Amino acid sequence: MNEDSAMAVLQRADVPPELIEKLSKSSVATKSRKVKLAIVRHPKAPRYVSLSVIRHLFTFDLMQVALTPAIAGDLKIAAEEVLINRLETISAGEKLSLARRASGRVAAMLLSDAEPRIIAAALENPRLTEVLVTKALLVDEASQQLVRAVCAHSKWSLRREIRIALLRNAHTAAEHAIEFAKSLPDGLVREILQNSDLPEDLKTCLMQSAVV
């Protein structure tokens, strides 16, 4: 069986699961990117077969699987996991493309990248959510580059939960911390500062402003 005949089989809605499993173990599936992707996408493919094939997909095929609405949720999550595990080994150009186009979860992982342009691209990803940005800011590894980018971002810097997260982060510059604190109720600011990693002198200044 060659690639064309394998694809013809996989385009049939009534193909038996046993045949898909057999096809997944064939040499044509091993060699063909299109066949592997078609197996994962096929609704009759057994879950264990799809999960096995996912591990061998190319980077942008994994991205495609994670973004395809018709694919089962557990398979999309598996594709994301494989993709996230590869982030340290792929090129900066691939990371940049993923930052712009991948799922929100993958984009959020790229917020921890060392390159400011990749962080900036991830922040523009339409699938990135406020919850994911907030989580990225609250981890101990959140970088100064990420904090600076979020503080300067026209969309994310205006969100209440993100401002709260930034007031907890040691890398938030004084001028931004003061601006964000002024936008929040005094009682909430005092509560945030009790568990904040901001410099002590800045916390004291903000606390005094919240008391007045």
Side-chain angles (χ1 to χ4, degrees), residues 33 36-37 39-41 47-48 50-173 176-177 180 192 195-198:
R33 168 186 176 183
K36 285 196 285 281
L37 189 55
I39 289 170
V40 173
R41 285 175 161 172
R47 281 288 184 274
Y48 63 90
S50 297
L51 290 169
S52 175
V53 174
I54 278 173
R55 300 189 195 102
H56 304 287
L57 292 179
F58 287 99
T59 297
F60 290 101
D61 289 338
L62 287 167
M63 182 190 78
Q64 214 173 76
V65 168
L67 295 178
T68 302
I71 290 179
D74 60 332
L75 298 181
K76 291 197 281 189
I77 291 171
E80 284 182 331
E81 290 290 345
V82 175
L83 196 48
I84 287 168
N85 289 334
R86 285 189 196 170
L87 291 179
E88 291 184 5
T89 62
I90 64 176
S91 69
E94 287 178 310
K95 287 182 183 179
L96 196 58
S97 293
L98 289 172
R100 291 174 178 147
R101 300 163 48 205
S103 66
R105 187 166 167 237
V106 174
M109 293 301 296
L110 288 165
L111 292 176
S112 63
D113 197 84
E115 285 202 43
R117 64 179 181 144
I118 292 174
I119 294 171
L123 288 172
E124 298 301 326
N125 185 307
R127 299 178 182 89
L128 192 66
T129 65
E130 181 176 343
V131 170
L132 290 169
V133 177
T134 301
K135 285 182 178 178
L137 290 168
L138 290 175
V139 298
D140 292 338
E141 298 80 16
S143 67
Q144 189 170 16
Q145 293 98 311
L146 172 60
V147 173
R148 284 178 178 173
V150 175
C151 285
H153 199 276
S154 59
K155 173 185 174 181
W156 299 120
S157 66
L158 301 179
R159 302 293 180 91
R160 175 187 169 100
E161 292 304 315
I162 289 176
R163 289 189 165 195
I164 290 172
L166 288 167
L167 284 173
R168 297 186 191 279
N169 193 292
H171 297 306
T172 302
H176 292 301
F180 299 154
I192 294 165
N195 296 298
S196 172
D197 292 325
L198 288 171

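Quick caveat: nothing in here was measured; it's all calculated off a predicted structure.
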Exercise. Determine, stepwise, if the pair Lys36 / Asp61 fulfils side chain to side chain contact (heavy atoms under 4.5 Å, CB included).
Key: CA-CA 9 Å; Lys36 285 196 285 281; Asp61 289 338; over 6 Å; no
Heavy-atom pair with the smallest gap, counting every atom of [X] and [Y]:
{"X": "Leu51", "Y": "Ala78", "value": "CD2-CB, 3.6 Å"}
{"X": "Leu132", "Y": "Ala108", "value": "CB-CB, 3.9 Å"}
{"X": "Leu166", "Y": "Leu198", "value": "O-CD2, 4.5 Å"}
{"X": "Asp197", "Y": "Ala170", "value": "O-CB, 3.1 Å"}
{"X": "Leu128", "Y": "Val133", "value": "CD2-CG2, 3.5 Å"}
{"X": "Ser52", "Y": "His56", "value": "O-CD2, 3.2 Å"}

Using side chain to side chain contact (heavy atoms under 4.5 Å, CB included) as the criterion, list what pairs up with [X], not counting sequence neighbours.
{"X": "Ala173", "answer": "Glu175, His176"}
{"X": "Lys76", "answer": "Ile71"}
{"X": "Asn169", "answer": "Ala142, Val147, His171, Thr172"}
{"X": "Arg105", "answer": "Ile77, Glu80, Glu81, Ile84, Ser103"}

Do the non-hydrogen side-chain atoms of [X] and [Y] ever get within less than 4.5 Å of each other?
{"X": "Met63", "Y": "Val106", "answer": "no"}
{"X": "Lys135", "Y": "Val139", "answer": "no"}
{"X": "Val65", "Y": "Leu57", "answer": "yes"}
{"X": "Leu98", "Y": "Phe60", "answer": "yes"}

Spacing of [X] atom [atom1] and [Y] atom [atom2] [to the nearest 0.5 Å]:
{"X": "Ile54", "Y": "Ile39", "atom1": "CD1", "atom2": "CD1", "answer": "11.5 Å"}
{"X": "Thr59", "Y": "Gln64", "atom1": "OG1", "atom2": "CD", "answer": "12.5 Å"}
{"X": "Ile164", "Y": "Ile192", "atom1": "CD1", "atom2": "CD1", "answer": "4.5 Å"}
{"X": "Phe58", "Y": "Arg86", "atom1": "CZ", "atom2": "CZ", "answer": "9.0 Å"}
{"X": "Ile162", "Y": "Leu167", "atom1": "CD1", "atom2": "CG", "answer": "12.5 Å"}
{"X": "Asn85", "Y": "Leu62", "atom1": "CG", "atom2": "CG", "answer": "10.5 Å"}

Quiz prompt | Asn125 (side chain) donor-acceptor with Ala102 (main chain) under 3.5 angstrom | solution = yes
Contacts of type salt bridge (Lys or Arg N to Asp or Glu O under 4.0 Å), residue [X], not counting sequence neighbours:
{"X": "Asp74", "answer": "Arg47"}
{"X": "Arg148", "answer": "none"}
{"X": "Glu94", "answer": "none"}
{"X": "Arg55", "answer": "none"}

Practice problem: Can you sort out the partners of Glu115 under side chain to side chain donor-acceptor pair (under 3.5 Å), two or more places apart, ordered by chain and number? | Solution: Arg117
Quiz item: Residues in side chain to side chain donor-acceptor pair (under 3.5 Å) with Asp113, at least two apart?
Solution: Lys95
Show which side-chain atoms of residues 154-161 pair as donor or acceptor with protein atoms under 3.5 Å away, not counting sequence neighbours.
{"residue": "Trp156", "atom": "NE1", "partner": "Leu123", "partner atom": "O", "Å": "2.9"}
{"residue": "Ser157", "atom": "OG", "partner": "His153", "partner atom": "O", "Å": "2.4"}
{"residue": "Arg159", "atom": "NH1", "partner": "Glu130", "partner atom": "OE1", "Å": "3.2"}

